[in-house]
Amino acid sequence: MPSQELIEAAISARRRAHAPYSKFLVGAAVRDAEGRIHAGCNVENAAYPEGICAETAALAAMVLAGGREVVEVVVAGGGAAPVTPCGGCRQRLREFGRDGLAIHSVDPEGRVMASHTLTELLPHAFGPDHLSRKAGA
(Lines give C-alpha, C1' and ligand atoms only; values in the text may rest on other atoms or scores of the structure.)
Protein backbone atom coordinates (compact mmCIF):
# COMPACT_ATOMS: atom_id res chain seq x y z
CA MET A 1 0.00 0.00 0.00
CA PRO A 2 1.25 3.50 -0.77
CA SER A 3 2.17 5.88 2.03
CA GLN A 4 -0.33 8.50 3.12
CA GLU A 5 2.20 11.16 2.12
CA LEU A 6 2.30 9.90 -1.48
CA ILE A 7 -1.51 9.69 -1.64
CA GLU A 8 -1.92 13.20 -0.24
CA ALA A 9 0.56 14.61 -2.77
CA ALA A 10 -1.47 13.10 -5.64
CA ILE A 11 -4.78 14.35 -4.24
CA SER A 12 -3.38 17.83 -3.66
CA ALA A 13 -2.06 17.92 -7.23
CA ARG A 14 -5.47 16.77 -8.53
CA ARG A 15 -7.11 19.78 -6.86
CA ARG A 16 -4.79 22.07 -8.87
CA ALA A 17 -5.44 20.45 -12.25
CA HIS A 18 -6.37 22.65 -15.19
CA ALA A 19 -9.20 20.75 -16.91
CA PRO A 20 -11.75 23.34 -18.06
CA TYR A 21 -12.82 21.28 -21.08
CA SER A 22 -13.15 17.69 -19.87
CA LYS A 23 -13.66 18.58 -16.18
CA PHE A 24 -11.67 15.36 -15.51
CA LEU A 25 -9.14 16.25 -12.83
CA VAL A 26 -6.12 13.98 -12.35
CA GLY A 27 -3.19 14.24 -9.98
CA ALA A 28 -0.14 12.02 -9.77
CA ALA A 29 2.74 11.64 -7.37
CA VAL A 30 5.92 9.66 -7.87
CA ARG A 31 8.46 8.62 -5.27
CA ASP A 32 12.02 8.58 -6.57
CA ALA A 33 14.85 6.27 -5.53
CA GLU A 34 16.00 8.81 -2.92
CA GLY A 35 12.55 8.79 -1.29
CA ARG A 36 11.55 12.24 -2.54
CA ILE A 37 7.99 12.85 -3.74
CA HIS A 38 7.24 14.76 -6.93
CA ALA A 39 3.70 15.66 -7.97
CA GLY A 40 1.95 16.80 -11.11
CA CYS A 41 -1.52 17.47 -12.46
CA ASN A 42 -3.15 17.29 -15.86
CA VAL A 43 -3.12 20.56 -17.80
CA GLU A 44 -5.55 20.82 -20.69
CA ASN A 45 -5.24 23.17 -23.62
CA ALA A 46 -7.88 24.54 -25.99
CA ALA A 47 -5.71 23.29 -28.87
CA TYR A 48 -6.22 19.56 -28.35
CA PRO A 49 -4.08 17.43 -27.93
CA GLU A 50 -1.54 19.89 -26.56
CA GLY A 51 -2.34 19.21 -22.90
CA ILE A 52 -0.27 17.04 -20.61
CA CYS A 53 -1.12 14.24 -18.23
CA ALA A 54 -0.55 14.33 -14.49
CA GLU A 55 1.97 11.49 -14.66
CA THR A 56 4.02 13.36 -17.28
CA ALA A 57 4.02 16.48 -15.11
CA ALA A 58 5.14 14.48 -12.04
CA LEU A 59 7.95 12.83 -14.00
CA ALA A 60 9.09 16.23 -15.30
CA ALA A 61 9.17 17.56 -11.72
CA MET A 62 11.25 14.54 -10.68
CA VAL A 63 13.75 15.02 -13.51
CA LEU A 64 14.01 18.74 -12.73
CA ALA A 65 14.86 17.85 -9.12
CA GLY A 66 17.58 15.47 -10.29
CA GLY A 67 15.68 12.20 -9.92
CA ARG A 68 16.18 9.45 -12.50
CA GLU A 69 14.33 6.45 -11.05
CA VAL A 70 10.69 6.05 -9.98
CA VAL A 71 9.99 3.46 -7.29
CA GLU A 72 6.26 4.07 -6.65
CA VAL A 73 3.37 5.95 -8.25
CA VAL A 74 -0.06 7.14 -7.11
CA VAL A 75 -2.66 8.40 -9.58
CA ALA A 76 -5.67 10.26 -8.14
CA GLY A 77 -8.72 10.47 -10.36
CA GLY A 78 -12.47 10.65 -10.13
CA GLY A 79 -15.33 8.42 -11.17
CA ALA A 80 -16.38 4.88 -10.39
CA ALA A 81 -13.48 3.13 -12.13
CA PRO A 82 -9.82 3.34 -11.08
CA VAL A 83 -7.80 5.79 -13.16
CA THR A 84 -4.60 4.27 -14.52
CA PRO A 85 -1.94 5.97 -16.64
CA CYS A 86 -2.69 6.28 -20.36
CA GLY A 87 -0.55 4.39 -22.85
CA GLY A 88 1.86 7.26 -23.39
CA CYS A 89 2.36 7.75 -19.65
CA ARG A 90 2.89 4.02 -19.16
CA GLN A 91 5.75 4.27 -21.64
CA ARG A 92 7.11 7.37 -19.88
CA LEU A 93 6.98 5.54 -16.55
CA ARG A 94 8.89 2.68 -18.20
CA GLU A 95 11.67 5.12 -19.02
CA PHE A 96 12.24 5.75 -15.29
CA GLY A 97 10.78 2.64 -13.63
CA ARG A 98 11.49 -1.05 -13.46
CA ASP A 99 9.07 -3.84 -14.38
CA GLY A 100 7.79 -4.30 -10.80
CA LEU A 101 7.06 -0.58 -10.33
CA ALA A 102 3.93 -0.26 -8.16
CA ILE A 103 1.20 2.00 -9.58
CA HIS A 104 -1.75 2.72 -7.28
CA SER A 105 -5.06 4.29 -8.31
CA VAL A 106 -6.89 6.27 -5.62
CA ASP A 107 -10.21 8.11 -5.49
CA PRO A 108 -10.53 11.80 -4.51
CA GLU A 109 -10.73 10.79 -0.83
CA GLY A 110 -7.50 8.79 -1.02
CA ARG A 111 -8.97 5.29 -0.95
CA VAL A 112 -6.90 2.82 -2.96
CA MET A 113 -9.14 1.47 -5.75
CA ALA A 114 -6.54 -0.67 -7.53
CA SER A 115 -2.84 -1.47 -7.56
CA HIS A 116 -0.89 -2.76 -10.54
CA THR A 117 2.70 -3.24 -11.55
CA LEU A 118 4.11 -1.54 -14.60
CA THR A 119 4.51 -4.97 -16.19
CA GLU A 120 0.78 -5.63 -15.77
CA LEU A 121 -0.11 -2.30 -17.39
CA LEU A 122 2.57 -2.42 -20.10
CA PRO A 123 3.58 -6.03 -20.83
CA HIS A 124 6.54 -6.68 -23.11
CA ALA A 125 7.55 -3.03 -22.87
CA PHE A 126 10.26 -1.40 -24.95
CA GLY A 127 12.68 0.47 -22.72
CA PRO A 128 16.13 1.94 -22.26
CA ASP A 129 17.68 -1.50 -21.88
CA HIS A 130 16.80 -2.26 -25.51
CA LEU A 131 18.86 0.69 -26.69
CA SER A 132 21.90 -0.18 -24.60
CA ARG A 133 22.46 -3.47 -26.42
CA LYS A 134 24.96 -3.70 -29.23
CA ALA A 135 23.45 -3.32 -32.68
CA GLY A 136 22.68 -6.69 -34.26
CA ALA A 137 23.04 -8.58 -30.96
Side-chain angles (χ1 to χ4, degrees):
M1 296 303 279
S3 70
Q4 193 60 37
E5 184 182 25
L6 195 61
I7 291 171
E8 287 173 7
I11 291 170
S12 179
R14 181 180 183 271
R15 289 188 197 112
R16 293 184 176 103
H18 178 74
Y21 309 106
S22 71
K23 309 289 190 240
F24 194 77
L25 308 177
V26 181
V30 301
R31 183 181 308 280
D32 69 19
E34 288 78 39
R36 299 174 298 178
I37 294 175
H38 311 277
C41 60
N42 61 319
V43 179
E44 292 181 350
N45 189 295
Y48 278 47
E50 296 303 316
I52 62 168
C53 298
E55 299 88 341
T56 299
L59 288 171
M62 180 191 76
V63 170
L64 180 62
R68 291 295 184 267
E69 182 182 351
V70 174
V71 297
E72 189 174 23
V73 179
V74 169
V75 179
V83 174
T84 60
C86 72
C89 286
R90 292 175 189 195
Q91 185 63 47
R92 288 179 191 95
L93 288 166
R94 173 63 183 90
E95 183 72 18
F96 298 100
R98 297 185 180 154
D99 290 340
L101 173 65
I103 301 171
H104 309 283
S105 301
V106 302
D107 68 12
E109 287 74 44
R111 291 182 293 259
V112 177
M113 300 177 75
S115 293
H116 301 91
T117 65
L118 181 58
T119 303
E120 291 172 324
L121 296 177
L122 190 65
H124 311 291
F126 182 85
D129 53 316
H130 289 91
L131 299 176
S132 65
R133 296 181 185 154
K134 292 183 179 180

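Between R94 and D129 there is a salt bridge, since a side-chain N of the basic residue sits under 4.0 Å from a carboxylate O of the acidic one.
R14 contributes no side-chain N or O that, together with a main-chain N or O of C41, makes up a donor-acceptor pair within less than 3.5 Å. A donor-acceptor distance shorter than 3.5 angstrom exists from the side chain of D107 to the backbone of G110, with no hydrogens or angles considered. Distance alone, capped at 3.5 Å, is enough to place a donor-acceptor pair between the E44 side chain and the S22 backbone. The closest donor-acceptor contact from the side chain of R36 to the backbone of A65 lies under 3.5 Å. Formation of a donor-acceptor pair under 3.5 Å by the S105 side chain with backbone atoms of V83 is found in this model. At least one donor-acceptor pair under 3.5 Å links the side chain of E120 to the backbone N or O of T117.
To the nearest 0.5 Å, atom SG of residue C86 and atom CZ of residue R92 are 6.5 Å apart. Remark: H38 NE2 to L64 CG distance equals 9.5 Å, nearest 0.5 Å. Distance check: L101 CG to F96 CZ gives 12.0 Å after rounding to the nearest 0.5 Å. Note: T84 OG1 to M113 CE = 11.0 Å, rounded to the nearest 0.5 Å. Within the model, atoms CD of E95 and CZ of R68 stand 10.5 Å from one another, a figure rounded to the nearest 0.5 Å. Taking SG of C89 as the start and CG of L122 as the end, the distance is 11.5 Å to the nearest 0.5 Å.
Both V26 and L93 are part of a single hydrophobic cluster, where members link through side-chain heavy atoms under 4.5 Å apart. Both V75 and F24 belong to a common hydrophobic cluster when Ile, Leu, Val, Met, Phe, Trp and Tyr are linked at side-chain heavy-atom distances under 4.5 angstrom. Connection of V70 to I103 is established within a shared hydrophobic cluster, with ILVMFWY side chains joined at heavy-atom distances below 4.5 Å, either directly or through further cluster members. Using a 4.5 Å cut-off between side-chain heavy atoms of Ile, Leu, Val, Met, Phe, Trp and Tyr, with links allowed through other members, Y21 and V43 fall into different hydrophobic clusters.
No side-chain heavy atom of P82 sits under 4.5 Å from any side-chain heavy atom of H116. Contact of the R98 side chain with the L118 side chain is not registered, since no non-hydrogen atoms from C-beta on lie closer than 4.5 Å.
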Between E55 and R90, is the salt bridge (Lys or Arg N to Asp or Glu O under 4.0 Å) condition met? List the steps. CA-CA 9 Å; E55 299 88 341; R90 292 175 189 195; over 6 Å; no
